[in-house]
Amino acid sequence: MFYTGPITVSHAETLEWQFRSEHPKVVDVELYSHSRRGHVWPGNNKVYVLNDYSTKTIRISCRSGEKVCYGAWVRNRQRSYWGVGYNNRNSCRSCCYTCNGGQTKIIVLNP
């Protein structure tokens, strides 16, 4: 028997994130897939580090159409956060982007 229904193929894309922290303390960032449960960038208990006032670019490989959200927090102060915060614990209004080969606007993290 052959299945003749539609076949869904997910293609790899990139999404380029741009962050600038204006907080005087070190800020940690993780990116969370809302399409693939538990998928995190950079993963393996690591974080992206914003430790000066320059704009940092983070390029990830993701699935086309995948929804990815950022979580950022002041190091050692997980209650001071942006986006979905530490460990994807919160909700947000405008912290998610679709993986489509594009780039985000510059996301400025203010104190």
Side-chain angles (χ1 to χ4, degrees):
M1 180 187 276
F2 293 99
Y3 178 71
T4 58
I7 297 173
T8 303
V9 178
S10 57
H11 298 282
E13 287 284 354
T14 59
L15 181 57
E16 194 169 278
W17 293 80
Q18 298 179 91
F19 290 98
R20 184 174 70 238
S21 173
E22 297 191 350
H23 199 284
K25 302 281 186 188
V26 174
V27 172
D28 294 332
V29 177
E30 284 186 319
L31 304 171
Y32 304 98
S33 173
H34 277 232
S35 304
R36 290 186 281 163
R37 186 179 181 99
H39 197 86
V40 180
W41 292 266
N44 295 320
N45 296 314
K46 295 183 179 173
V47 294
Y48 300 108
V49 178
L50 306 178
N51 57 4
D52 58 27
Y53 298 97
S54 67
T55 300
K56 304 280 189 204
T57 299
I58 300 168
R59 186 174 291 116
I60 64 168
S61 178
C62 44
R63 293 179 180 170
S64 181
E66 182 171 16
K67 180 179 172 184
V68 181
C69 305
Y70 74 87
W73 60 93
V74 175
R75 182 170 288 171
N76 299 321
R77 280 201 235 151
Q78 297 163 3
R79 292 183 188 192
S80 182
Y81 68 89
W82 300 265
V84 295
Y86 175 76
N87 207 23
N88 198 19
R89 290 183 179 163
N90 304 287
S91 60
C92 65
R93 287 199 170 157
S94 58
C95 71
C96 301
Y97 290 82
T98 300
C99 183
N100 61 3
Q103 72 176 195
T104 70
K105 63 181 178 149
I106 297 175
I107 300 163
V108 180
L109 307 175
N110 290 308

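- Under a hydrophobic clustering in which Ile, Leu, Val, Met, Phe, Trp and Tyr are joined whenever their side-chain heavy atoms come within less than 4.5 Å, directly or via other members, Val26 and Val47 fall into the same cluster.
- The shortest distance between side-chain heavy atoms of Ile58 and Tyr70 does not fall below 4.5 Å.
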Legend entry - Cys96/Cys69 under disulfide bond (SG atoms under 2.5 Å apart): CA gap, chis, key distance, verdict: CA-CA 4 Å; Cys96 301; Cys69 305; 1.8 Å; yes

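- Under the 30°/60° scheme for interplanar angles, the aromatic rings of Trp17 and Phe19 are found to lie parallel.
- On the SG-SG cut-off of under 2.5 Å, Cys99 and Cys62 qualify.
- By the side-chain contact (heavy atoms from CB on, under 4.5 Å) test, Ser61 pairs with Ala12, sequence neighbours left out.
- Among the candidates Val74, Thr55, Leu50, the single residue satisfying the side-chain contact (heavy atoms from CB on, under 4.5 Å) test with Ser21 is Leu50.
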Legend entry - Step-by-step side chain to side chain contact (heavy atoms under 4.5 Å, CB included) determination, Lys105 to Tyr97: CA-CA 10 Å; Lys105 63 181 178 149; Tyr97 290 82; 3.5 Å; yes

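- Residue pairs that meet the salt bridge (charged side-chain N to carboxylate O under 4.0 Å, His left out) test with at least one member in residues 24-39, sequence neighbours left out, are Asp28-Arg75, Arg36-Glu66.
- Taking every heavy atom of both residues into account, Tyr32 and Val40 meet most closely at CD2-CG2, 3.7 Å.
- Here the closest heavy-atom approach between residue Pro111 and residue Pro24 is recorded as CG-CD, 4.2 Å.
- With rounding to the nearest 0.5 angstrom, the CD atom of Glu22 is 8.0 Å from the OH atom of Tyr53.
- Counting non-hydrogen atoms of other residues, nucleotides and ligands closer than 6.0 Å to NZ of Lys67 gives a total of 12 or fewer.
- Heavy atoms only, all atoms of each residue included: Val68 and Trp41 are closest at CG1-CZ3, 3.8 Å.
- Of the possible donor and acceptor atoms, none in the side chain of Glu16 sits under 3.5 Å from a partner among the backbone N and O of Arg59.
- Taking every heavy atom of both residues into account, Ala72 and Leu109 meet most closely at CB-CD1, 3.8 Å.
- Between Thr98 and Leu15, the shortest heavy-atom contact is O-CD1, 3.9 Å.
- Each of Tyr86, Tyr48, Tyr81, Trp82 was evaluated against Trp73; a single residue qualifies, Tyr86, per the ring-ring contact (aromatic ring centres under 6.0 Å, His included) test.
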Inset, instruction - Carefully, step by step, assess Gln78 and Asn87 under the rule side chain to side chain contact (heavy atoms under 4.5 Å, CB included). - result: CA-CA 9 Å; Gln78 297 163 3; Asn87 207 23; over 6 Å; no

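- Between Glu13 and Asn100, the closest heavy-atom pair is OE1-C, 3.8 Å.
- When the side chains of ILVMFWY residues are joined at heavy-atom separations under 4.5 Å, either directly or via intervening members, Ile107 and Val84 end up in two distinct hydrophobic clusters.
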